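Let me begin by presenting the structure, written as structure tokens, before commenting on it.
When reading the values below, keep in mind they use all heavy atoms of this one structure, side chains included, and skip hydrogens, waters and symmetry mates. Note that the coordinates shown come from a computational prediction; the quantities given were computed from them, not determined experimentally.
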Amino acid sequence: MSDQQALAGFLDKWRARWPEWSVVEVFVTPAQREVTVAWFALLHELQDAAWAGSDPTPGQAKLAWWAEELQGWSQGRRRHPLGIALQRLSAPWSSLAATLPAMMATREPADDAGLALDAMQPVAVGVDDVTQALFPMFGAGQPANSTAGLLAQHLMLCGDAAVPLRTRARTKTSDGNAITQAWATELLQRWP
């Protein structure tokens, strides 16, 4: 398999996760589409490593590998196919790599929404810094918005396992949807 085929496979994996992209991509300039999809695919890989599966051990290993890979991107090296589209671009890849332990730490839900937002803040700053470098046309980032957005992604991926323990305790129902709805409501109330 060629590097381009491997890259296409990772981009297609992300497109399958978010099929609405085919509608949204018309609002992205053609020159930026591959970079945009590659960036979203990288975020998908990091989120899966941090939050997917019942055993955290494989995710810890993947995030450690990604931290090393992103450090390599800062030094002009790459191993992962997503680097074909992203590594050559000037972005603070090392800074993003440094946030990955904080991302892994968010696997276990916080006690409340405030603590969850605080725990995700370093990751959001790293994501925003890279986003700003890749897409300067969007202006300065809003880490608080990214923090809430990352927590929303965590909720979508993990369901009730992403919900803070206090929110679970306050929600007097065995219906999982009601628990995730309560957390989503609390998250939206704190979204800047």
Side-chain angles (χ1 to χ4, degrees), residues 7-8 10-11 13-15 17-18 20-51 59 62-107 110 113-157 162 187-188 190-192:
L7 173 61
F10 278 96
L11 301 180
K13 178 181 170 184
W14 179 79
R15 284 185 185 104
R17 186 172 185 170
W18 196 35
E20 297 86 357
W21 176 251
S22 63
V23 175
V24 176
E25 74 179 341
V26 299
F27 298 102
V28 178
T29 61
Q32 286 289 102
R33 286 183 189 160
E34 183 180 69
V35 170
T36 303
V37 174
W39 174 232
F40 288 148
L42 175 60
L43 291 175
H44 169 156
E45 293 298 317
L46 298 177
Q47 290 166 1
D48 274 355
W51 303 325
K62 285 180 186 178
L63 283 181
W65 186 91
W66 271 113
E68 185 179 306
E69 177 71 358
L70 292 171
Q71 290 289 351
W73 289 8
S74 293
Q75 299 163 1
R77 299 184 319 266
R78 72 157 183 83
R79 294 173 292 181
H80 197 279
L82 288 174
I84 296 168
L86 296 172
Q87 178 270 326
R88 61 184 161 71
L89 303 170
S90 178
W93 300 116
S94 293
S95 296
L96 180 60
T99 71
L100 297 185
M103 186 175 217
M104 191 68 205
T106 64
R107 181 178 180 88
L115 292 173
L117 288 164
D118 290 347
M120 192 63 76
Q121 181 72 15
V123 180
V125 170
V127 167
D128 278 350
D129 288 349
V130 173
T131 300
Q132 176 62 30
L134 296 178
F135 311 104
M137 70 286 280
F138 294 126
Q142 296 288 333
N145 287 336
S146 293
T147 302
L150 286 166
L151 287 170
Q153 289 292 322
H154 191 191
L155 181 62
M156 286 175 30
L157 186 63
L187 180 60
L188 285 171
R190 293 172 179 265
W191 203 310

- Which of parallel (below 30°), tilted (30 to 60°) and perpendicular (above 60°) describes F40 and W18? perpendicular
- Heavy atoms of V26 and V23 approach each other most closely as CG2-O, 3.2 Å
- Test E45 against every option in R17, K13, K62 by the salt bridge (Lys or Arg N to Asp or Glu O under 4.0 Å) rule and name the one that passes. K13
- Task: Nearest 0.5 Å please: distance from the CH2 atom of W66 over to the CG atom of L82.
- Result: 5.0 Å
- Please name the pair of heavy atoms, one in A49 and one in M104, separated by the smallest distance, quoted to 0.1 Å. O-SD, 4.2 Å
- Query: Between V130 and A91, what is the shortest heavy-atom contact and its length?
  - Reply: CG1-CB, 4.1 Å
- List the steps and the verdict of side-chain contact (heavy atoms from CB on, under 4.5 Å) for W39 and L89. CA-CA 11 Å; W39 174 232; L89 303 170; over 6 Å; no
- Item | Nearest-0.5 Å distance, CG of residue L43 to CG of residue L96 | 7.5 Å
- Query: Can you name the closest pair of heavy atoms from V37 and W21 and give their distance?
  - Reply: CG2-NE1, 3.3 Å
- Note on the structure: Separation between CD (Q75) and CH2 (W93), nearest 0.5 Å, reads 14.5 Å
- Atom pair CE (M120) and OG1 (T99), whose distance is rounded to the nearest 0.5 Å: 10.0 Å
- Heavy-atom closest pair, residues E34 and A85: OE1-CB, 4.0 Å
- Item | Side-chain donor-acceptor pair present, Q47, W51, cut-off under 3.5 Å | no
- Could you state the interatomic distance from OG1 (T36) to CG (L11), rounded to the nearest 0.5 Å? 11.0 Å
- Show your working on side-chain contact (heavy atoms from CB on, under 4.5 Å) between V127 and L46 and close with a plain yes or no. CA-CA 11 Å; V127 167; L46 298 177; over 6 Å; no
- Task: Evaluate the criterion ring-ring contact (aromatic ring centres under 6.0 Å, His included) for residue pair H80 and W73; output intermediate values, then yes/no.
- Result: CA-CA 10 Å; H80 197 279; W73 289 8; 7.6 Å; no
- Query: Does the side-chain contact (heavy atoms from CB on, under 4.5 Å) test come out yes or no for E68 and R79, once each step is laid out?
  - Reply: CA-CA 10 Å; E68 185 179 306; R79 294 173 292 181; 3.2 Å; yes
- Item | Under 3.5 Å: donor-acceptor pair, side chain of S94, backbone of S74 | no
- Taking all non-hydrogen atoms of both residues into account, name the closest pair between R33 and V28 and its distance. NE-O, 2.9 Å
- Message: Using 0.5 Å steps for rounding, measure from the CZ atom of R15 to the OG atom of S22.
- Response: 10.0 Å
